[in-house]
Amino acid sequence: MKTAALTRVSDFEWRIEPTGKMRVPGVIYATEALIEAMDEKVRDQVVNVACLPGIVSASYAMPDAHWGYGFPIGGVAAFDADRGGVVSAGGVGFDISCGVRCLRTGLRHADVEPFKEPLADALYHRIPVGVGSHGPIRLAGKRMDAMLTGGARWAVEQGWGTRDDLRHIEAQGCIAGARADAVSDKAKQRQREEMGTLGSGNHYLEVQEVSEIYDRETARAYGLDEHDVVVFIHCGSRGLGHQVGTEYLKTMATSAREHGIELPDRELACASLRSDTGQAYLGAMRAASNCALANRQIITHLAQQAFVELFPEADLTLLYDVSHNTCKLEEHRLDGVNRRLFVHRKGATRAFGPGHPELPDEYRAVGQPVLIGGSMGTASYVLAGNADPRVPSFTSACHGAGRAMSRRQAHKSWQGGQLLRELRERGIIIRSPSLRGVAEEAPQAYKDVDAVVDCAEAAGLARKVAKLKPLVCIKG
DNA sequence: ATGTCC
């Protein structure tokens with residue numbers, strides 16, 4: 001993207017003044033280099049979102065933004081139901097409540113380094129991965145509905161993990177307002193055998209070493225020290241969420257036409273928050289979010305089983321679990337007034353600052369853990385939320401490196417087998433059912449996660465706490 | 001992201 005089409009506010013913030021049908025300005029948090037690495041379509045999509053009814057403050061893009069369906073990935077937009085606001089299925093994305101959880105293991109790098117190969121095998125053996133894989137349980141009928149309304153709380157009640165895990169999950173592991181009745185039979189059918197599966201694409205489970213600490217006080221609160229071994233799990237709501245997204249996109253396109261909502265792009269299909277369609281989508285999207293939370297909870301338990309095969313002393317405890325594809329009803333203070341807003345974050349991570357009442361006691365003084373997954377073979381980060389009042393993007397941060405190249409182009413440019421050999425030489429052990437998937441996820445197909453995170457910190461979105469270096473990766 | 005098109 002050319003910087004000429006934007007107004008520079010600072011080295012880390014760019015603005016698009018409202019013109020035409022824009023109701024609010026656009027704001028992109030990025031360095032000049034990151035702007036230049038962004039697709040030209042990001043600007044168009046930020047502008048399109050700014051045209052939607054009831055949008056509040058501005059249409060935002062995070063430093064890792066890239067082109068997505070309707071909304072940019074890395075987009076943040078909040079809507080007020082009292083002022084004609086809408087909810088958009090494209091503003092959440094197909095992979096509803098895709099997110100990251102980080103687990104402490106109680107192990108040190110020196111413990112794990114000699115056993116990376118058998119650990120990779122144990123994890124790959126236990127954790128179903130790839131397109132169409134099946135998990136350890138079958139769900140249907142009332143049990144499916146209980147999962148959709150209970151989320152990780154349901155999973156813990158079923159024996160997948162501990163009560164203490166729940167305190168360290170966004171919304172305590174259970175998203176309120178979920179409606180199993182708003183999820184189609186087809187969506188439920190697709191999920192029958194998929195609980196506890198990682199999925200494909202950019203989803204993965206990675207064993208990592210804490211390679212650098214930037215903020216000692218916050219790292220201590222999060223229970224992280226240099227050379228600790230942690231686990232990142234990145235996955236979502238699998239077939240169920242995808243089906244919910246697909247179906248409601250269609251429904252919203254129809255209802256927007258009927259209600260005379262003028263859309264700058266048909267991919268921006270949305271529904272009034274007060275409409276039956278809007279309410280049904282919120283209920284179904286929240287049910288899919290619970291599915292994602294339960295899914296990550298079950299996978300955690302499988303990872304624990306794999307770890308104790310090799311390390312009997314391993315104790316996987318949850319640092320935090322936060323989604324980066326969702327729409328949440330949150331209270332935000334604007335111009336001295338508290339307002340309840342529906343905040344869409346699509347490829348953007350909620351980053352509540354210090355003092356937020358939803359945070360567990362031990363994190364409240366330092367802010368919410370913000371979990372940033374890098375690309376395969378590169379670093380990941382633990383950041384902390386700031387709630388800097390000068391940064392009005394509804395306490396949000398980036399979610400990863402962000403693609404710099406399409407899957408198709410990456411597939412043409414690299415060979416999966418060669419990439420695996422190169423990573424192994426650097427001490428990173430990968431297990432994946434798909435060499436094509438590995439090529440599509442080539443580190444070179446992504447932006448530089450270090451640059452994205454440095455920019456997020458410089459822009460005030462979140463602050464760096466710890467850097468994580470990959471050791472073993474189970475890749476979708 | 002996704003039973004990579006019902």
Side-chain angles (χ1 to χ4, degrees), chain A residues 39 45 64-75 88-101 128-135 138-140 144 183-205 232-250 267 269 281 284-285 287-289 291-293 295-296 299 323-327 344-349 373 375-376 399-403 405-412 416 432-442 445-446 474-476:
Chain A
D39 197 307
Q45 293 194 320
D64 52 338
H66 57 108
W67 170 83
Y69 187 94
F71 283 54
I73 294 165
S88 170
V92 172
F94 284 95
D95 191 7
I96 295 169
S97 202
C98 180
V100 177
R101 68 166 47 191
V129 57
V131 178
S133 60
H134 290 172
R138 309 283 170 266
L139 270 190
M144 173 70 77
V183 176
S184 70
D185 288 341
K186 189 173 179 181
K188 293 175 187 173
Q189 180 71 32
R190 283 184 64 172
Q191 197 61 26
R192 279 179 72 118
E193 302 186 291
E194 288 198 338
M195 294 309 295
T197 65
L198 210 45
S200 61
N202 66 1
H203 290 167
Y204 62 84
L205 179 149
F232 252 43
I233 299 172
H234 177 216
C235 64
S237 50
R238 306 289 288 109
L240 184 139
H242 186 267
Q243 189 66 29
V244 167
T246 304
E247 290 172 6
Y248 278 94
L249 270 168
K250 268 186 214 158
E267 291 186 358
Y281 175 70
M285 184 270 298
S289 297
C291 174
L293 292 177
N295 194 35
R296 292 196 284 272
I299 292 170
S323 166
H324 48 234
N325 278 2
T326 189
C327 174
H344 293 64
R345 294 190 186 88
K346 180 188 189 181
T349 312
S375 52
M376 187 172 56
H399 82 308
R403 287 202 84 89
M405 184 188 287
S406 71
R407 292 189 172 279
R408 189 184 171 77
Q409 202 181 340
H411 175 56
K412 284 192 292 186
S432 174
S434 164
L435 283 178
R436 182 190 175 131
V438 168
E440 288 178 352
E441 290 294 312
Y446 281 82
I474 308 303
K475 186 82 193 156

Mind checking ring-ring contact (aromatic ring centres under 6.0 Å, His included) for [X] and listing every partner two or more places apart, or none if nothing turns up?
X: His344(A); result: Phe71(A), Phe79(A)
X: Tyr204(A); result: His234(A)
X: Tyr69(A); result: Phe94(A)

Where do N or O atoms of nucleotides 2-6 of chain B meet protein N or O atoms at under 3.5 Å, pair by pair?
from   : atom 1 : to        : atom 2 : distance (Å)
dT2(B) : OP1    : Arg238(A) : NH1    : 2.7
dT2(B) : OP2    : Ser200(A) : N      : 2.7
dT2(B) : OP2    : Ser200(A) : O      : 3.3
dT2(B) : OP2    : Ser200(A) : OG     : 2.9
dT2(B) : O2     : His242(A) : NE2    : 3.4
dG3(B) : OP1    : Arg190(A) : NH2    : 2.0
dG3(B) : OP2    : Glu194(A) : OE1    : 3.4
dG3(B) : OP2    : Glu194(A) : OE2    : 2.9
dG3(B) : N1     : Arg190(A) : NH1    : 3.4
dG3(B) : N2     : Arg190(A) : NH1    : 3.4

List the atom pairs, donor and acceptor, that lie under 3.5 Å between side-chain atoms in residues 434-441 of chain A and the rest of the protein, sequence neighbours left out.
from      : atom 1 : to        : atom 2 : distance (Å)
Ser434(A) : OG     : Gly437(A) : N      : 2.7
Arg436(A) : NE     : Glu440(A) : OE2    : 3.0
Glu440(A) : OE1    : Arg407(A) : NH1    : 3.2
Glu441(A) : OE1    : Tyr446(A) : OH     : 2.7
Glu441(A) : OE2    : Arg403(A) : NH1    : 3.3
Glu441(A) : OE2    : Arg407(A) : NH1    : 3.0
Glu441(A) : OE2    : Arg407(A) : NH2    : 2.9
Glu441(A) : OE2    : Tyr446(A) : OH     : 3.3

Under the side-chain contact (heavy atoms from CB on, under 4.5 Å) test, residues paired with Ala288(A) that sit two or more places apart: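 In terms of side-chain contact (heavy atoms from CB on, under 4.5 Å), with neighbours along the sequence ignored, Ala288(A) is linked to Ile96(A), Ser237(A), Leu240(A).
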
